[in-house]
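The structure under discussion appears below in the form of C-alpha cells.
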Amino acid sequence: MEELEQKLEYGTYDATIARSAVLEKELLLSPKKFRVLTGDRPTGSLHVGHLFGSLQNRVRLQNLGVPIFIVIADYQVLTDRDSFESISQNVRQLTIDYLAAGLDPDSGHTFIFPHSHIPELNQLLLPFLTLVTNAELDRNPTVKEEILAAGNTRINAGMYTYPVHQAADILFCKANLVPVGKDQIPHLELTRVIARRFNERFAGTESLFPEPHPLLSESPLILGLDGGQKMSKSRNNAIMLGATEDETVNLIKRAKSDPDRTITYDPTNRPEVANLLLLCSLCSGRSPEEIAQEIGDAGAGRLKQQLSESLNEYLRPLRARRRELEKEPEYIRSVLLKGIAASREVAQQTLAQVRKAMNMEI
Ligand code: TRP
C-alpha cells in the first residue's frame with residue numbers, strides 16, 4: 001500500500017468550482033463523452049430546494065443526451081438513524097418526485113435504482129475498503145459533521161465506511177461526472193483516490209476505473225422559510241413538491257421576513273426577503289431586483305402573495321403529474337425494476353473485470 005499512497009486531500013472546493021465551469025463547457029460540446037451518476041438517500045419526499053438545486057439540473061443533463069444513473073442510497077439511511085420502517089415508502093415517494101420533475105426512464109438513458117438491489121455493486125465495497133486507511137476515513141469532514149449532528153453516541157462502522165460504499169455507487173457504472181452539492185466533495189475526492197489506487201494496484205497501466213469529477217451546479221442555494229438555513233424537511237422550513245396549493249399559501253404566509261416595508265434585493269443584509277424574491281424569480285424568469293422594485297413599498301405581505309401565486313402556478317403541472325403517479329404504484333415499481341435490471345447488467349460486467357484484475361477468476 002505504501003508506494004500507492006497518494007495524499008488524499010479533502011479540501012479542494014475552489015479547484016472544484018473552477019473545474020466545474022470547464023466541464024460545463026465540455027458538456028455542451030460533447031455530451032456523449034460523459035456518464036453521470038448521482039443520487040439521494042431515501043429519507044422522505046423532496047421539496048422546492050431540491051427542485052431548483054438538483055432535480056432540474058439532472059433533467060437538463062438527461063435532455064442533453066447524457067446517460068444518467070440515479071442511485072437511491074437506501075443502505076446509507078442505516079448509518080445515522082434507527083428507523084427503517086419507512087424506507088420502501090420513501091423510495092417510492094422519491095421516485096414519484098423524480099418522474100414528476102421530468103426525469104424520464106423512457107428516454108432509454110435514465111436509470112433509477114436502489115443500491116440494495118444491485119449485489120454486484122455492493123461487492124465492490126470489499127476490495128475498495130482495502131484501498132483506504134482508517135485514518136483517511138476518520139478525517140472526512142462531512143462524516144465528522146454528521147457524527148457531531150448525531151450526538152457522538154455509539155457511531156456504527158457504516159458511518160465511517162459509507163463514503164467507500166458511495167465510491168462503489170459511482171464506479172460500478174464507470175461514471176465520470178457526479179453532480180453534487182458542496183458537502184459531497186470529500187466523498188468524490190475519496191472516490192477519485194479509490195479509482196486511482198485500484199488502477200495502480202490491480203490494473204497495471206490499463207485504467208479500469210475513470211476518476212470521476214464532481215459537478216457543482218450553478219443553481220442557487222435555496223434557504224428555508226425561516227430564512228436562516230438551507231431548506232430542509234427536518235428543519236421544518238420546507239415547501240414540499242407534493243404540498244397542496246393551500247398548504248403552500250399558508251407556509252409562505254408564515255415565512256420570516258423583516259420589518260422594512262420597502263422591498264429590496266439584498267441577500268447579505270436581508271436574507272429572508274432575498275430568499276423569497278429568489279424563489280419568485282426562479283418561478284417567473286424575471287430578476288429578483290426587478291421584482292423587488294415592482295413591489296417597492298407594498299411590503300412583505302405583497303411579496304408573499306406574489307410568491308404564493310407564482311410558485312403554485314409554476315408547480316401546477318408537476319403536482320398534477322405527481323398526483324397521477326401516486327395512483328400508479330405498479331408503474332413506479334416497473335420503473336425501478338427496469339432501472340435495477342439495466343444497472344445490474346452494467347455492475348456484472350464491471351465486477352467481472354474487477355475479479356479478473358484481482359486474480360480471482362476460477
Ligand atoms: N451521500 C449522498 C447524500 O447524502 C447520497 C448518495 C449516495 C450519493 N451515493 C451517491 C450522491 C453517489 C452522489 C453519488 O445526499
Side-chain angles (χ1 to χ4, degrees), residues 1-10 12 15-16 19 22-23 26-27 30-39 66-71 73 75-76 109 111 113 115 117-140 160-180 184-215 340 342-362:
M1 186 98 172
E2 253 162 57
E3 77 277 13
L4 299 171
E5 198 93 359
Q6 297 204 8
K7 215 158 161 258
L8 169 51
E9 294 283 358
Y10 280 124
T12 54
T16 305
R19 209 166 42 204
V22 176
L23 287 164
E26 266 182 60
L27 259 169
S30 25
K32 297 280 178 267
K33 282 203 322 215
F34 293 93
R35 173 173 278 200
V36 167
L37 179 129
T38 188
V66 183
I68 171 159
F69 289 78
I70 304 194
V71 61
Y75 275 130
Q76 269 192 26
H109 57 264
F111 309 101
F113 62 97
H115 60 183
H117 283 256
I118 320 289
E120 296 81 3
L121 177 162
N122 292 306
Q123 271 209 46
L124 296 178
L125 180 59
L126 294 168
F128 286 1
L129 281 170
T130 68
L131 295 170
V132 293
T133 64
N134 271 351
E136 285 171 332
L137 297 182
D138 238 3
R139 53 184 180 81
N140 183 312
Y160 292 98
T161 51
Y162 87 75
V164 185
H165 194 182
Q166 188 155 334
D169 288 340
I170 295 167
L171 295 177
F172 93 91
C173 66
K174 304 191 180 177
N176 53 10
L177 197 62
V178 188
V180 281
Q184 299 295 305
I185 293 176
H187 303 344
L188 258 296
E189 291 304 326
L190 182 75
T191 302
R192 289 167 60 80
V193 159
I194 288 175
R196 193 179 318 146
R197 289 181 187 164
F198 188 97
N199 291 338
E200 286 172 0
R201 175 147 200 217
F202 298 115
T205 51
E206 178 204 350
S207 73
L208 204 156
F209 291 115
E211 288 182 36
H213 291 284
L215 182 71
I340 289 167
S343 305
R344 265 202 93 173
E345 216 175 288
V346 175
Q348 279 162 355
Q349 284 171 16
T350 303
L351 182 62
Q353 293 172 339
V354 163
R355 280 203 181 117
K356 185 158 184 261
M358 298 186 308
N359 283 323
M360 290 182 185
E361 280 179 311
I362 49 163

Would the number of heavy atoms belonging to other residues, nucleotides or ligands and lying under 6.0 Å from CD of E26 be above 12? yes

Which distance, rounded to the nearest 0.5 Å, do you find between the OG1 of T130 and the CZ of R201? 5.5 Å

So does N199 get a backbone contact from the side chain of S207, meaning a donor-acceptor N/O pair under 3.5 Å? no

Which atom of V180 lies closest to which atom of P214, heavy atoms considered: CG2-CB, 4.0 Å

Any chance you could measure E361, atom CD, to K356, atom NZ, to the nearest 0.5 Å? 6.0 Å

Considering all heavy atoms of both residues, which atom of V36 and which atom of P179 are nearest to each other, and what is their separation? CG1-CD, 3.5 Å

Are any non-hydrogen side-chain atoms of V354 and F128 less than 4.5 angstrom apart? no

How close do L188 and H213 get, heavy atom to heavy atom, and via which atoms? CD1-C, 4.3 Å

Apply the test side-chain contact (heavy atoms from CB on, under 4.5 Å) to residues L177 and V66: give CA-CA distance (whole Å), side-chain angles for both, the deciding distance (0.1 Å), then the verdict. CA-CA 10 Å; L177 197 62; V66 183; 5.8 Å; no

Rounded to the nearest 0.5 Å, what separates atom CG in L131 from atom CZ in F198? 7.5 Å

Between the side chains of N122 and H115, does any donor sit under 3.5 Å from an acceptor? no

State yes or no: are the ring centers of H187 and Y162 separated by less than 6.0 Å? yes

What do you reckon, is CG of N134 surrounded by more than 12 foreign heavy atoms closer than 6.0 Å? no

Are L190 and Q166 packed together at the side-chain level, in the sense that at least one heavy-atom pair is separated by less than 4.5 angstrom? no

To the nearest 0.5 Å, what is the distance between CZ (F111) and CZ (R344)? 16.0 Å

Please give me the minimum heavy-atom distance between L37 and V178, naming the atom from each residue. O-CG1, 3.2 Å

How many angstroms lie between atom CD1 of I185 and atom OG1 of T16, to the nearest 0.5 angstrom? 4.0 Å

Working to the nearest 0.5 Å, report the span between OG1 of T161 and CG of N140. 11.5 Å

Thinking salt bridges, do R19 and E211 make one under a 4.0 Å N-O criterion? no

Show, in sequence, the C-alpha distance, side-chain angles and deciding distance for L351 and R355, and conclude whether the side-chain contact (heavy atoms from CB on, under 4.5 Å) test is met. CA-CA 6 Å; L351 182 62; R355 280 203 181 117; 3.8 Å; yes

A side-chain contact here means heavy atoms from C-beta on lying under 4.5 Å apart; do H165 and D169 qualify? yes

Which heavy atom of F113 sits nearest to which heavy atom of S343, and what is that distance? CD2-OG, 3.1 Å

Which heavy atom of A175 sits nearest a heavy atom of P212, and at what distance? O-CB, 3.5 Å

Hey, is the main chain of F172 close enough, under 3.5 Å, to the side chain of T350 for a donor-acceptor pair? yes

I'd like to check R192 versus E189 (side-chain heavy atoms, cut-off strictly below 4.5 Å). Are they in contact? yes

Quick check: does any side chain N or O of T133 sit under 3.5 Å from a backbone N or O of E136, one acting as donor and the other as acceptor? yes

Side-chain donor or acceptor of R35 paired with backbone N/O of K174 under 3.5 Å: no

